[in-house]
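This chain uses plain numbering: 1 for the first residue, then up along the sequence. As the structure lists them, so they are numbered: ligands from 1, and atoms in each ligand from 1.
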Amino acid sequence: MIDQTRLPAELVYLRIRDVRALWTAIQTLQVRGAPAIGIAAALGIVIAAQNAAPASTAKLAAAVEAAADYLATSRPTAVNLFWALDRMRRVAAASQALLPAVFLDRLAAEALRIRDEDVAMCKAMGRHGATLLRDGDTVLTHCNAGGLATSGYGTALAPIYTALEQGKRISVYADETRPLLQGARLTAWELMEAGVDVTLICDSMAAHVMKTRGISAVMVGADRIAANGDTANKVGTYGVATLAAAHAIPFYVLAPSSTFDFSLKEGSQIPIEERGSDEITHSFGRPHAPKGVKTFCPAFDVTPARLITAIVCEKGVLRPPYETSLKKAVAPTGDNSSPNPPIITRGK
Ligand code: MRU
């Protein structure tokens, strides 16, 4: 996979050979973005089982459990991580009676299915989301919810790619996204690579841009969406949503249903990752704040459902009240991983 920490300076691919290296890659954001984390974790489970072979199926299954427990500690907010690990655990549990080679095949098939489903979900979100965009529109986005964050078109950027394919002219303002600059490093890079008209701004410029630059819509991704529609996404998203409401600009969240967490009633229950103070006090290894200053570094925030105009998932454009529309979208069971049992939520 692409080492996202090296972009935009270099396009370098990482070769992951063990679960420890994958844990570090997720923790340090070499691989990041909710769907991409889930896919990487699923493939990590396959690596764990392959590395444990040759062994009995029971031993391979034990390696899967240990790897899933370990990878679940890498990052707490994106539910796609736990969703993918639970899918892999279920396949392992259902394959206990099989020969070791078949057990390994079943795991690999499930991981690749998770990846392929993501490609299809991105396409579908692009199709549904593009109905919200007209020729000449300008979209503001925050963080990176594009191809780099998924295995396909991305979530928030998918409608932009699709609209362009449909011949619509769409331009984009990308928030740089402090502190780790996913907007500047990744969104600006991937949109430019795709030939999209993108303008980079500092986060603090978003209000001015909304007031003066004719923003038609805000489109962002999500790391976890609670049953009532409250949405965790990269820190700063809540501020952007508040500004969008103040300027009567529609605010859209785009996320596959693997990002829904029906076990949480509302956003206050979503675990928010806090990261090290260096991410605020240093730029590229150099300090830009007084040594020893107190810091607070939440990596995500929660946008209340009332600020969200619509949530676009692979099933369509969902409108409030989200308590009903989210569940209806993943009917018949109301479970986001149908036909399997509800996801288990871990994290701090
Ligand atoms: O800390 P990151 O870079 O993993 O945060 C990523 C985001 O907040 C994305 O917007 C979200 O995961 C959606 S990606 C399709």
Side-chain angles (χ1 to χ4, degrees), residues 1-5 7 25-41 74-84 115 117-119 121-126 129 139-161 174-191 203 218-225 231-241 251-261 267 270-276 279-280 297-303 308 311-314 347:
M1 59 200 181
I2 293 174
D3 180 348
Q4 299 191 42
T5 60
L7 287 170
I26 295 173
Q27 221 293 315
T28 62
L29 276 54
Q30 288 176 306
V31 58
R32 51 145 299 282
I37 292 172
I39 296 157
S74 57
R75 292 192 78 189
T77 303
V79 77
N80 311 58
L81 169 65
F82 311 104
W83 170 86
R115 182 199 62 184
E117 284 173 10
D118 185 62
V119 175
M121 290 193 288
C122 289
K123 271 235 154 79
M125 279 181 279
V139 174
L140 185 140
T141 190
H142 189 75
C143 194
N144 173 264
L148 288 165
T150 65
S151 57
Y153 262 13
T155 62
L157 299 191
I160 293 161
Y161 294 131
D175 283 354
E176 65 174 350
T177 315
R178 280 280 292 152
L180 294 182
L181 303 174
Q182 288 92 332
R185 293 187 298 105
L186 308 176
T187 298
W189 178 81
E190 80 161 77
L191 288 176
D203 300 342
V218 175
M219 291 187 161
V220 297
D223 287 83
R224 200 185 289 228
I225 301 176
T231 294
N233 191 48
K234 178 52 55 193
V235 71
T237 303
Y238 174 29
V240 173
F251 180 91
Y252 300 117
V253 169
L254 294 102
S257 57
S258 51
T259 311
F260 299 172
D261 185 349
I270 299 176
I272 299 294
E273 177 181 13
E274 284 181 33
R275 296 187 61 92
E279 293 186 1
I280 307 189
C297 190
F300 300 94
D301 60 23
V302 176
T303 299
I308 301 171
I311 295 175
V312 181
C313 74
E314 73 278 10

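- Judged purely by atom type and a 3.5 angstrom limit, Arg32 uses its side chain to pair as donor or acceptor with the backbone of Asn144.
- Within the model, atoms CD of Glu279 and CG of Leu29 stand 7.0 Å from one another, a figure rounded to the nearest 0.5 Å.
- Between Glu117 and Arg115 there is no salt bridge, since none of the side-chain N atoms of the basic residue sits less than 4.0 Å from a carboxylate O of the acidic one.
- Remark: the backbone N or O of Gly147 is paired with a side-chain donor or acceptor of Glu190 at under 3.5 angstrom.
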Identify all N/O pairs between ligand 1 and the protein with a separation under 3.5 Å and present them as a table of atom names and distances.
residue, atom, partner, partner atom, Å
ligand 1, 1 (O), Arg75, NH1, 3.4
ligand 1, 1 (O), Arg75, NH2, 2.8
ligand 1, 1 (O), Lys234, NZ, 2.7
ligand 1, 3 (O), Arg32, NE, 2.4
ligand 1, 3 (O), Arg32, NH2, 3.4
ligand 1, 3 (O), Gln182, NE2, 2.9
ligand 1, 4 (O), Gly33, N, 3.1
ligand 1, 4 (O), Arg75, NH1, 2.8
ligand 1, 8 (O), Asp223, OD1, 2.9
ligand 1, 8 (O), Asn233, OD1, 3.1
ligand 1, 8 (O), Lys234, N, 3.1
ligand 1, 10 (O), Asn233, OD1, 2.6
ligand 1, 12 (O), Ala34, N, 2.8
ligand 1, 12 (O), Asp223, OD1, 3.1
ligand 1, 12 (O), Asp223, OD2, 3.0

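- In this structure, the side chain of Ser74 does not engage the main chain of Gln27 through any donor-acceptor pair within 3.5 Å.
- The pair Asp261-Arg224 counts as a salt bridge, with a side-chain nitrogen and a carboxylate oxygen less than 4.0 angstrom apart.
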